[in-house]
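To start, the structure itself, in structure tokens.
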Amino acid sequence: MSESIGFIGLGIMGRGMTQNLLNKGHRVMIWNRTPARMDEFVRAGATAADSPADLAARCDVILICVSDTPDVEAVILGENGVLAGVKSGSLVVDHSTISPQATKEMAAKLREKGAAMLDAPVSGGSEGAAKGTLSIMVGGEETGFQRALPVLEAYGKTITHVGPQGAGQMVKLVNQILVVVTELAVCEGLLFAQAGGLDLNKTLDAVKGGAAGSWMLANRGPQMIARDWRPGFTIDLQQKDLRLVLEAADQLGLPLMATGMVFQMYRALQAQGLGSEGNHALVKALEGMSGVEVGK
Ligand code: NAP
């Protein structure tokens, strides 16, 4: 508990993670681009920094959870970024889902300043961040992993060192392939049940404990039935993750049929102005094609 911890990015995920750090008694400094989002955490005992550079100059372990690759680059490499303030011997842990290649490049720049970096993307949604039950897939050196572990345990339940720098991001992309293809199956299943005149809640209860059960079915199925599109994870961010998957697959020369299809369905929903809805609004793309609406 002696290391001073800084958290950058108090979005849907960062808020829950920061709250769990405070609950576990860690000393936490925070920075968020929109300053008003820091207020509730300052009231809860955190200290607000003036910039990522200011935070990095005053913390030993710097945690980041922002949106996309350019955003992590802005926070680390930009004006008043982490790189401008980081102390030699510090550890930067990036929880954002971003390009595996960009991660390696930023880690190299931090290394020149004597700081280590781990890529540590997370899975488990806003619920996992709030409950402290996230899965965290970590890429980087073993020494950095061991050092980060007591911090990550504040909000992570399954914390796995999966390989060298960039491997955490690659495993997260595997995770996203599994998530969206499962999600597509949940959408098709519920649409079929609706078209067949079944009671959707009874259908869900009947199948969720068997071989067809999944986190997606249990958590997002009821939301689809209730037509509750509030985001745990937005269409915009999921589409971003699939772009990262397809870019990496392209570099590997690998065809990914189902993932490519879901990517295009999200594009269509974004074009309809639905990018800020929860990613389970994927079902709306199928509804548009079939004229059947789930839960109606
Ligand atoms: P979010 O609610 O949209 O929050 C994004 C955060 O990043 C906000 O604090 C935002 O600051 C900050 N930010 C964005 N661009 C920035 C920039 N250029 N400079 C500085 N700060 C910037 O997103 P989220 O759902 O927490 O997701 C964060 C990351 O976790 C993403 O990489 C996402 O893919 C990943 N993730 C999310 C989930 C999930 O279920 N939500 C699950 C697993 C992984 P402002 O407050 O100023 O906008």
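Below, all heavy atoms of this structure are taken into account, side chains as well, without hydrogens, waters or symmetry copies. By convention here, the first residue in the shown sequence is residue 1. Keep in mind that what you see is a predicted model, and the values were worked out from it rather than measured. Start at 1 and go down the list; that is how both ligands and their atoms are numbered.
On a distance-only criterion, Met13 and ligand 1 share at least one N/O pair closer than 3.5 Å. For ligand 1, none of its N or O atoms has an N or O atom of Val122 under 3.5 Å away. Between Lys240 and ligand 1, a contact under 3.5 Å exists for at least one N or O pair. Taking any N or O of Arg37, backbone or side chain, at least one lies under 3.5 Å from an N or O belonging to ligand 1. Inclusion of Asp68 in the set of residues having an N or O under 3.5 Å from an N or O of ligand 1 is not warranted.
The part of Leu237 lying near ligand 1 is the side chain, judged by heavy-atom distances below 4.0 Å.
Atoms of ligand 1 lying under 4.0 Å from any heavy atom of Ser126, numbered from 1 in the order shown and given with element: 40 (O). Taking a cut-off of under 4.0 Å to the non-hydrogen atoms of Gly232, the atoms of ligand 1 that pass are 39 (C), 40 (O), 41 (N). Near Lys172, with a cut-off below 4.0 Å to any heavy atom, the atoms of ligand 1 are 43 (C), 44 (C). Atoms of ligand 1 lying under 4.0 Å from at least one heavy atom of Ser96, given by number and element, are 32 (O). Atoms of ligand 1 lying under 4.0 Å from any heavy atom of Asp71, numbered from 1 in the order shown and given with element: 15 (N), 16 (C), 17 (C), 18 (N). Close contacts between ligand 1 and Gly9 involve ligand atoms 9 (O) [criterion: under 4.0 Å to a heavy atom].
Salt bridge status for Arg227 with Glu287: present, with a side-chain N to carboxylate O gap under 4.0 Å. At a threshold of 4.0 Å, the pair Arg147-Glu3 counts as salt-bridged, since one of the basic side-chain nitrogens sits closer than that to a carboxylate oxygen. Between Arg111 and Glu105 no salt bridge is recorded (no basic side-chain N to carboxylate O distance below 4.0 Å).
A donor-acceptor pair shorter than 3.5 Å cannot be found between the side chains of Gln169 and Asp119. For Gln270 and Asp236, the side-chain atoms include at least one donor-acceptor pair closer than 3.5 Å. For the residue pair Glu142 / Gln146, a side-chain donor-acceptor distance below 3.5 Å is found, with atom types taken as modelled.
With hydrogens and angles disregarded, no donor-acceptor distance shorter than 3.5 Å links the side chain of Gln239 to the backbone of Arg267. With hydrogens and angles disregarded, a donor-acceptor distance shorter than 3.5 Å links the side chain of Gln165 to the backbone of Met117.
For atom 29 (C) of ligand 1, the nearest non-hydrogen atom of the protein is Val66 O, 3.1 Å.
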Open item on the list: Run Asp60 and Ser4 through side-chain hydrogen bond (donor to acceptor under 3.5 Å, both in side chains) and show every step you take.
Closed with: CA-CA 5 Å; Asp60 305 315; Ser4 54; 3.2 Å; yes
